[in-house]
Undergrad: 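Please find one structure pasted underneath; my questions will follow.
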Number of protein chains: 2
Amino acid sequence: MNANYCPLDYTMNLIGTKWKPIVLFHLLEGAERSGVLQKKVPGISNKMFTQTVRELEKDGLISRKIYPVVPPKVEYALTARGKSLEAILKSLDQWGIEDKKAF
Amino acid sequence: MNANYCPLDYTMNLIGTKWKPIVLFHLLEGAERSGVLQKKVPGISNKMFTQTVRELEKDGLISRKIYPVVPPKVEYALTARGKSLEAILKSLDQWGIEDKKAF
DNA sequence: CGGCATCCAGGTTGATACTG
DNA sequence: CAGTATCAACCTGGATGCCG
């Protein structure tokens with residue numbers, strides 16, 4: 001069964017979903033408030049947004065900071081581990097730009 | 001709804017699945033015969049393998065060469081478009097290696 | 001405002017058996 | 001050997017409504 005495991009699989013299990021890369025990508029510019037961040041992700045439902053940031057937090061790729069104010073305020077930011085994905089995220093984005101030109 | 005589209009999404013729609021990156025990665029080393037290639041992907045079922053290479057072919061990332069012999073022989077190889085993903089695939093793999101060291 | 005719980009439709013996946 | 005067909009099980013994601 002296990003003929004040729006490759007770490008690529010490990011990476012994809014962390015970020016290889018529909019929404020995770022997009023959320024991470026937008027956080028490259030800096031911390032964002034929850035609602036603002038969500039609006040930057042076209043088409044995501046509230047449920048999927050919550051689910052996505054929860055998993056990213058659990059995996060230590062982003063941090064969640066809660067401000068005890070009214071109305072509630074929550075900010076998300078990349079952790080060091082999350083920032084280490086910067087090159088990959090930008091490559092993915094760049095490839096998309098180049099590929100669209102060619103095809 | 002559409003606040004901030006990014007090409008990263010476009011890229012992920014092409015390769016952002018469980019099996020596609022792994023298949024592509026193994027093809028970086030050169031063309032492979034179908035059965036051999038499948039054995040290199042741990043845990044994939046025959047059905048998913050076929051489905052995956054079909055989609056990759058449809059998207060022009062790999063080519064499929066059929067040898068009219070008995071028993072049947074089919075080889076898959078990266079197209080130019082597929083090869084252009086090399087840097088990304090290796091980055092993903094490399095990140096997985098580095099990350100495992102750290103965590 | 002942030003985000004969780006519930007329901008449920010649709011797509012995805014795996015096991016198995018079969019064709020050329 | 002390469003690939004397809006079928007079916008059931010599982011998972012995903014969206015809509016809605018409620019809570020702190």
Side-chain angles (χ1 to χ4, degrees), chain A residues 1-5 9 12-24 26-27 30-59 61-78, chain B residues 1-5 8-10 12-24 26-27 30-59 61-78:
Chain A
M1 192 66 120
N2 212 303
N4 224 323
Y5 177 74
D9 186 42
M12 289 303 287
N13 283 333
L14 287 179
I15 62 166
T17 69
K18 182 172 177 52
W19 305 111
K20 284 179 184 178
I22 306 177
V23 169
L24 291 171
H26 286 302
L27 284 176
E32 265 310 353
R33 188 163 174 171
S34 182
V36 177
L37 180 57
Q38 183 173 342
K39 282 185 189 63
K40 286 190 176 178
V41 184
I44 196 172
S45 69
N46 189 283
K47 175 187 172 182
M48 288 318 299
F49 178 75
T50 300
Q51 189 173 309
T52 300
V53 291
R54 278 293 165 294
E55 280 175 30
L56 289 173
E57 189 194 5
K58 178 175 63 60
D59 291 333
L61 295 175
I62 67 174
S63 64
R64 181 168 176 239
K65 187 172 182 184
I66 306 172
Y67 294 84
V69 296
V70 179
K73 177 179 171 184
V74 177
E75 263 191 6
Y76 293 102
L78 293 181
Chain B
M1 193 64 121
N2 212 303
N4 224 323
Y5 177 73
L8 189 152
D9 187 42
Y10 170 84
M12 289 304 286
N13 283 333
L14 286 179
I15 63 167
T17 69
K18 184 173 176 53
W19 304 111
K20 284 180 184 179
I22 306 177
V23 170
L24 291 171
H26 286 302
L27 284 176
E32 265 309 354
R33 187 164 175 171
S34 183
V36 177
L37 179 58
Q38 182 173 342
K39 281 186 190 63
K40 286 190 176 178
V41 183
I44 197 172
S45 68
N46 190 291
K47 175 185 170 182
M48 288 317 299
F49 177 74
T50 300
Q51 190 172 310
T52 300
V53 292
R54 278 293 166 294
E55 281 175 29
L56 289 173
E57 190 194 4
K58 177 175 64 60
D59 291 333
L61 295 175
I62 66 173
S63 63
R64 182 168 176 242
K65 187 172 182 183
I66 307 172
Y67 295 83
V69 296
V70 180
K73 177 178 171 182
V74 176
E75 264 192 5
Y76 294 101
L78 293 180

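Chain naming here is simple, since letters A, B, ... match the order of the sequence lines and numbering starts at 1 in each.
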Undergrad: For A:Lys20, what residues pass the salt bridge (Lys or Arg N to Asp or Glu O under 4.0 Å) criterion, not counting sequence neighbours?
TA: A:Glu55

Undergrad: Within this structure, what is the CD1-to-P distance between B:Ile66 and D:dT4, rounded to whole angstrom?
TA: 10 Å

Undergrad: Does some side-chain heavy atom of A:Glu32 sit less than 4.5 Å from a side-chain heavy atom of A:Lys40?
TA: yes

Undergrad: Mind checking the OG1-NZ spacing from B:Thr17 to A:Lys18? Nearest 0.5 Å is all I need.
TA: 13.5 Å

Undergrad: Identify whether any heavy atom of B:Tyr76 sits under 4.0 Å from a base atom; if not, whether one sits that close to sugar-phosphate; answer base, sugar-phosphate or nothing.
TA: sugar-phosphate

Undergrad: Starting the side chain at C-beta, find the nucleotide from C:dT13, D:dC1, C:dC1 nearest to B:Met48.
TA: C:dT13

Undergrad: Roughly how many Å is it from CD1 in B:Ile44 to C1' in C:dA15, rounded to a whole number?
TA: 15 Å

Undergrad: Let me know the distance between CD of B:Glu75 and P of D:dC1, rounded to the nearest Å.
TA: 15 Å

Undergrad: Below 3.5 Å, can you tabulate the donor-acceptor pairs from side chains in residues 61-77 of chain A to any protein atom, sequence neighbours excluded?
TA:
from    : atom 1 : to      : atom 2 : distance (Å)
A:Ser63 : OG     : A:Ala77 : O      : 3.4
A:Arg64 : NE     : A:Tyr76 : OH     : 3.4
A:Tyr67 : OH     : A:Glu75 : OE1    : 3.4

Undergrad: Look for any protein N or O under 3.5 Å of an N or O in nucleotides 4-11 of chain C and output each such pair with its distance, or none.
TA:
from  : atom 1 : to      : atom 2 : distance (Å)
C:dC4 : OP1    : A:Arg54 : NH2    : 2.6
C:dC4 : OP2    : A:Arg54 : NE     : 3.3
C:dC4 : OP2    : A:Arg54 : NH2    : 3.2

Undergrad: Looking at every heavy atom in both A:Trp19 and A:Pro42, which two are closest together, and how far apart are they?
TA: CZ3-O, 3.5 Å

Undergrad: Give me the atom names and distance for the closest heavy-atom approach of B:Gly16 to A:Met12.
TA: CA-CE, 4.0 Å

Undergrad: Rounded off to whole Å, could you give me the CZ-to-P distance for the B:Phe49 and C:dA15 pair?
TA: 17 Å

Undergrad: Quick one: A:Trp19 CH2 to D:dC11 C1', roughly how many Å, whole number?
TA: 17 Å

Undergrad: Between B:Glu55 (CD) and C:dT13 (P), how many Å, whole number?
TA: 9 Å

Undergrad: To the nearest angstrom, how far is A:Gln38 atom CD from C:dG3 atom P?
TA: 9 Å

Undergrad: In whole angstrom, what separates B:Leu37's CG from D:dG3's P?
TA: 10 Å

